[in-house]
4 protein chains.
Amino acid sequence: MMSAHRQGPVRSEAARVAILQATARLFAARGYDHLTMEGIAGEAGVGKQTIYRWWPSKGAVVADCLLDGLLFPEQFALPNTGELREDLATWLRNIFGVLEHPSGEMLMRSLIAAAAENADVGLRLYDSLGTGSTLNARLHEAVSRAELEGDTPVEQVGDALVGAVVMRALSRLPTPAGLPEQLVDAVLGRSATLRP
Amino acid sequence: MMSAHRQGPVRSEAARVAILQATARLFAARGYDHLTMEGIAGEAGVGKQTIYRWWPSKGAVVADCLLDGLLFPEQFALPNTGELREDLATWLRNIFGVLEHPSGEMLMRSLIAAAAENADVGLRLYDSLGTGSTLNARLHEAVSRAELEGDTPVEQVGDALVGAVVMRALSRLPTPAGLPEQLVDAVLGRSATLRP
Amino acid sequence: MMSAHRQGPVRSEAARVAILQATARLFAARGYDHLTMEGIAGEAGVGKQTIYRWWPSKGAVVADCLLDGLLFPEQFALPNTGELREDLATWLRNIFGVLEHPSGEMLMRSLIAAAAENADVGLRLYDSLGTGSTLNARLHEAVSRAELEGDTPVEQVGDALVGAVVMRALSRLPTPAGLPEQLVDAVLGRSATLRP
Amino acid sequence: MMSAHRQGPVRSEAARVAILQATARLFAARGYDHLTMEGIAGEAGVGKQTIYRWWPSKGAVVADCLLDGLLFPEQFALPNTGELREDLATWLRNIFGVLEHPSGEMLMRSLIAAAAENADVGLRLYDSLGTGSTLNARLHEAVSRAELEGDTPVEQVGDALVGAVVMRALSRLPTPAGLPEQLVDAVLGRSATLRP
DNA sequence: TGCTAACCGAGACGGTACGTCACGTCTTAGA
DNA sequence: TCTAAGACGTGACGTACCGTCTCGGTTAGCA
């Protein structure tokens, strides 16, 4: 005989989904620090205790939203044309494009604030952008295609690139023309791409 | 014309200093989000109104602390031996050393949180690490000494370097051996340093 | 030199009065156990914290209402015509008259519930009806006028009379005809009144 | 005609008893207003729904406890030696003895609070002490034995006596020496007992 | 002997109110 | 006129229970 399952009602999937969606909605609309548990509960049509039963804190709910991909806009997806430098530049242009809108800037800063406050969010965000990300996969692919030298520290290049975006977002400075390309140059070397 | 001097006592310098020092103390001890205006007032022996009279928000007080250099530990200073790669690696080793202590990690994340929440802090922090920083000056110096190629996008290299540190701090991951050197390689190129 | 008074703003009399009046209003309208601190605060147009700053509990607020005479209806006043038995009977008729209305019954039971839950209310209520009451004064007066024998245990007679009313209120039974007079007989003796 | 018997298991006597005993235990230990349905369910090892299936409210459960005699301590029993005044005085001494202990005082106030809040408890308590009580029977017996005059309003005397105890309990005042005897004097007349 | 309705324990659910904390504003007395 | 102290209305916190509901498991009586 196998395991002895708990008796009683089971966790409501409807409530879980309503909470995460409400969180994503409010996060995008008001930002992380105007996000409140009571607000989420109200927006989701759920009792506060139902949130606290399954998540220990606001940050943990946001982390789960992140995991479900409810917080990233689609512009954050990395294109893959085969031309690494061009793909990276396009990607950065998209991101800086998002940052030009106040709501996009706020979303980005909210993600950073959430990551700074909550370890779950921090790690999840790092994984989304780092190790487990398409960016890292793309860079490794470039190494195997010999677009990059074999001993390139891929993770560090990724961190540097994303980190630079984070720094610009924190500065609130407008994006100067040419910044995406300069950033690509900064982390890949100005002319370092190897071509066969 | 008669001079129109203000009547009554002027702003108390003692109070201003007490507030900034109390803020720095509590910021380091408890982190940005457990920092409260009432806590600062109590710690500084000052009325709440005295803070609100001169600063519009918690973030603004923290930004002024930053300006006065009350928040950065001394390990954040960039050495200058003339050897750029070595100086950068040493600097990163110091910073990651700070991040290994829980209180150091919290301080770093608090700076990020404050920057994400408050525009003043964000810009001030960016300037401290970017344009107005010793890092940028050092990189420009390296260009003029031909340690770096002339068309290196210096600001972007700085952002990438600092940004990578920020990303690591947000991830809360332990620092693997060799990370400082790999980061230097990532932003300066693995073997790109020009030597005369 | 005399005392060193505290500096700073002084307690708001307007808030105090608004709270007590709101409490009395809600107490009469909804009863003691549907009385909530949030309800009082809302009705009084006051922050919850302003209540908690000055009173430790719901019971304490009610006790202060009692002290200010905001909870007793006017029918609870004891008449004084000089004829003790008749005055007591009239008084009891008034009280049982109040108890016949649902709202009156609820008010009485609410007073009892509040007294049972909170020591302040209990003592205050006992004083209002006992030692410090017009009932006791009236009984002592009757002794001095020789309407009652000199060694009558006046306080105990008062407690018994009020207590009997309390018991009837707790029973929720309708008041049978003649009850007031029977109660007077029960505590003063059926024919014991001394007449000159 | 076909009988319309219910199918399926009948009410669990074990659960009923466990609930009542748990209620009595918690009532005595914590008092009526810290008594919770969840607490009873937990203490009784029973699901909440099993309580709500058979009783509509906390008060109803307490009323059933009262009916089963689970709440009155044995000291509340009225002795019967044939000497009415002495029996009543002994009984009152026992009750005031119980009231001297904090737990006894709380139990008494909890009974009053429960009676004030819940009609079932109120009537049940009144019956336990009034019409259906040994006190009333004892007083009627005294009348038939000519210890009391024939037209004594027995029920009212009983209410007055019990009510006086209730008033003292609500006041939380310590019991002064001689109080039991004075109360007997107050309701039976100082010297009114008829002796053959 | 198997069906099935009603019981049972457990506990998740949408709510209300709790008592606390901090906000940013306002009001006092003293220097 | 500025300062300290701190009361004020506001709003969110995280917790305790409410009364209802939904599970899987158990137990009778009827077929």
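From a predicted model like this one, the values you see are computed outputs, not experimental measurements. So that the names make sense, note that chain A is the first sequence line, chain B the second, and so on, each numbered from 1.
Side-chain contact check for A:Ile19 versus A:Thr23: some heavy-atom pair is nearer than 4.5 Å.
One end of the helix from E:dT1-F:dA31 to E:dA31-F:dT1 points its axis 10° away from the other end's axis, with each axis taken from 5 pairs and the angle rounded to 10°.
Against DNA chain E, the stretch residues 42-62 of chain A makes heavy-atom approaches under 4.0 Å through A:Gly45, A:Val46, A:Gly47, A:Gln49, A:Thr50, A:Arg53, A:Trp54.
Cation-pi geometry between D:Arg16 and D:Trp54 is not met: the NZ or CZ atom fails to fall both under 6.0 Å from the ring centre and inside 45° of the normal. For the pair B:Lys58 and B:Tyr32, the cation sits on the ring face: its NZ or CZ lies under 6.0 Å from the ring centre, inside 45° of the axis.
When rounded to the nearest whole Å, the span between CZ of C:Arg11 and P of E:dA29 equals 17 Å. Here the C1' atom of nucleotide E:dC23 and the NE2 atom of B:His34 are 16 Å apart, to the nearest Å. Atom C1' of nucleotide F:dC2 and atom CD1 of B:Ile19 are separated by 12 Å, given to the nearest angstrom. Whole-Å rounding puts the B:Glu117 CD to E:dA22 C1' distance at 13 Å. The CG-C1' distance, from B:Asp33 to F:dA12, rounds to 15 Å in whole Å.
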Worked verdict on C:Ile40 versus C:Val46 for side chain to side chain contact (heavy atoms under 4.5 Å, CB included) = CA-CA 8 Å; C:Ile40 296 170; C:Val46 139; over 6 Å; no
inquiry  = For C:Asp64 and C:Arg124: C-alpha separation, side-chain torsions, deciding distance, then whether side chain to side chain contact (heavy atoms under 4.5 Å, CB included) applies.
reply    = CA-CA 9 Å; C:Asp64 265 14; C:Arg124 205 85 90 192; 3.3 Å; yes
ask   = Going through the checks in order, is the side chain to side chain contact (heavy atoms under 4.5 Å, CB included) test met by C:Glu117 and C:Val121?
value = CA-CA 8 Å; C:Glu117 191 181 293; C:Val121 178; over 6 Å; no
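Sequence order on DNA chain E of the closest nucleotides to A:Arg16 and B:Thr36 puts A:Arg16 first from the 5' end. Comparing A:Leu35 and A:Val10 against DNA chain F, the residue whose closest nucleotide sits nearer the 5' end is A:Leu35. The 5' end of DNA chain F is approached more closely, in terms of each residue's nearest nucleotide, by C:Glu13 than by the other of D:Glu38 and C:Glu13.
Judged by distance alone, the side chain of C:Asp68 and the main-chain N or O of C:Leu70 form no donor-acceptor pair under 3.5 Å. A:Arg30 places no side-chain N or O within donor-acceptor distance of the main-chain N or O of A:Leu35, the cut-off being under 3.5 Å. Looking at A:Arg53, its side chain never comes within 3.5 Å of a backbone N or O of A:Ile51 through a donor-acceptor pair.
With E:dA6, E:dA12, E:dA22 as the candidates, the nucleotide lying closest to the side chain of D:Pro9 is E:dA6.
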